[in-house]
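Single-structure report; data block below.
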Amino acid sequence: MSNSAFKMDEDWLEFHPDPSVPEFKVPAGAVDAHCHVFGPGNVFPYAPERKYTPCDAPKDKLWELRDHLGFARNVIVQASCHGSDNRALVDALLHSGGRARGVASVERHISDQELDQLDAAGVRGVRFNFVKRLVDTLPHDTLLDVGERIQRLGWHLVIYVESPDLPELFEFFSSLPGMVVFDHMGRPDVSKDPNGEAFNLFIRLLRENENMWAKVSCPDRLSLAGPPDYLDVVPFARRVVDSFPDRVLWGTDWPHPNMKSHMADDGKLVDYIPKIAVTKELQQKLLVENPMHLYWPEEVA
Ligand code: 0GY
């Protein structure tokens, strides 16, 4: 596949062309709660300030994957290559037949009216990126300001941060208003002890702050052992699921931006789920109840 308006990075790994059919059957109504749409670049240009140029990963491909894996819904998360231009995200939400909700990126000067428009399209949260290779400036002030302003809409914050940066950000994150979701378990170093100091701090953050949730996603990104089982990530994700069964989400992370070691087979990623959520009850919470509570609360009794 090639971009019509943008040339993807030389070392870009494209999403898997033919993912396997998962052996694990996700429960009815399951939500893929972390995935992206990219472009197409000739319709929705990538942001000038982006740190990478991806391959196009348009909405129709995402719907195909959703159906192939057996999911019912998607939560589409704005990625840094689109900056704070949420048009590709909004377009996907408006063409999802109500089966996708979104997490946007916004600038501090966004108006209440613009926030209302995003809300009408299906946005339910705002993402702030503290991963230094992906952004030029860290968003402390904007986060506090926007974090307060989105409370009237019932939205939540999504934070992408890496484990080495958590100690200095711990107090700041603890002061944030409303619900806060951490991407990819705060990116632990899985060569370390899942019960050691670094991951204990992430667990403590969630234990001390009942407003905080975690995505137990991206074993492919975190693993040093590699595919297809990503066994070195399992103890970390299991610990989070077992400790906070009502505050965890799971997503494919399709189209897996910035993967360098390999490209995940999305079907195998689904087969990873029962290793980290080991009972039917935990699977139901992880894949259905929790994401429905956060993204489609009006449909939950
Ligand atoms: C992910 C992870 C990555 C990229 C982004 O916004 C982004 O560009 O989130 C990454 O490079 O680790 O969640 O997609």
Side-chain angles (χ1 to χ4, degrees), residues 3 6 8-9 11-16 31-39 41 44-59 61-62 65 74-89 92 100 102-107 123 125-139 142-143 156-166 180-190 213-224 230 233 236-237 248-264 266 269 272 291:
N3 290 319
F6 290 84
M8 70 180 173
D9 292 342
D11 61 347
W12 190 263
L13 293 184
E14 295 183 60
F15 54 86
H16 199 292
V31 181
D32 174 354
H34 186 98
C35 48
H36 311 284
V37 289
F38 293 158
F44 304 111
Y46 300 111
E49 73 275 18
R50 69 190 180 281
K51 302 293 181 208
Y52 59 88
T53 305
C55 68
D56 286 340
K59 58 183 183 294
K61 288 279 175 198
L62 179 60
L65 182 77
N74 298 98
V75 178
I76 304 174
V77 177
Q78 175 81 351
S80 60
C81 58
H82 274 299
S84 57
D85 177 349
N86 295 290
R87 280 178 295 166
L89 167 66
V103 174
S105 287
V106 303
E107 303 286 347
V123 169
V126 180
R127 187 185 200 208
F128 289 95
N129 208 321
F130 284 82
V131 174
K132 290 168 188 152
R133 74 183 149 81
L134 294 173
V135 285
D136 290 320
T137 49
L138 300 182
T142 309
L143 199 166
H156 59 273
L157 294 166
V158 174
I159 290 180
Y160 191 21
V161 66
E162 295 177 304
S163 162
D165 296 319
L166 184 57
V180 183
V181 181
F182 287 90
D183 282 340
H184 319 329
M185 303 184 288
R187 288 199 65 122
D189 175 351
V190 301
W213 292 42
K215 289 181 198 161
V216 287
S217 42
C218 280
D220 49 327
R221 220 174 257 299
L222 303 174
S223 180
L224 302 170
Y230 307 112
V233 192
F236 290 82
V248 284
L249 302 169
W250 187 89
T252 54
D253 189 37
W254 186 89
H256 313 284
N258 300 313
M259 285 299 293
K260 301 292 177 228
S261 57
H262 70 290
M263 179 43 63
D266 301 277
L269 287 177
Y272 167 86

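Just follow the structure's listing: the first ligand is 1, and inside any ligand the first atom is 1. If you read the sequence from its start, that first residue is 1, and numbering goes on from there.
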Examine distances only and state if a side-chain atom of D56 and a backbone atom of P58 form a donor-acceptor pair shorter than 3.5 Å.
-> no

Are any non-hydrogen side-chain atoms of V131 and D183 less than 4.5 angstrom apart?
-> no

Logged contact type for R187 with ligand 1, heavy-atom cut-off 4.0 Å, is side chain

Does ligand 1 have an atom that lies less than 4.0 angstrom from a heavy atom of K51?
-> no

Short version for R127: what comes under 4.0 Å of ligand 1, heavy atoms counted, is side chain

Counting from 1 in the order shown, the ligand 1 atoms closer than 4.0 Å to a non-hydrogen atom of A79 are 6 (O), 7 (C), 8 (O)

Quick one: look up the protein heavy atom nearest atom 6 (O) of ligand 1 and list residue, atom name and how far away it is.
-> S80 N, 2.7 Å

Donor-acceptor contact below 3.5 Å, side chain H36 vs main chain V77 | yes

Hey, does D183 sit under 4.0 Å from ligand 1 if you only count heavy atoms?
-> no

For the side chain of D9 and the backbone of T53, is there at least one donor-acceptor N/O pair under 3.5 Å apart?
-> yes

Would you check if the side chain of H256 reaches a backbone N or O of C218 as a donor-acceptor pair within less than 3.5 Å?
-> no

Between N129 and ligand 1, which residue portion shows a heavy-atom distance shorter than 4.0 Å: side chain, backbone, both, or neither?
-> side chain

Can you tell me the protein heavy atom closest to atom 14 (O) of ligand 1 and the distance?
-> H36 NE2, 2.6 Å

Starting from atom 1 (C) of ligand 1, which protein heavy atom do you reach first, and at what distance in Å?
-> D253 OD1, 3.3 Å

Whether Y272 and Y230 hold their rings parallel, tilted or perpendicular, with breakpoints at 30° and 60° = perpendicular

Is a side-chain donor or acceptor of R127 paired with a backbone partner of S80 at a separation under 3.5 angstrom?
-> no

Backbone of S84 reached by a side-chain donor or acceptor of N86 within 3.5 Å = yes

So, does R221 sit close enough to ligand 1 that a heavy atom of it is under 4.0 Å from the ligand?
-> yes

How close does the nearest protein non-hydrogen atom get to atom 13 (O) of ligand 1, and which residue and atom is it?
-> H184 NE2, 2.7 Å

Nearest to atom 3 (C) of ligand 1 by heavy atom, Y160, Y52, W254, F38: which?
-> Y160

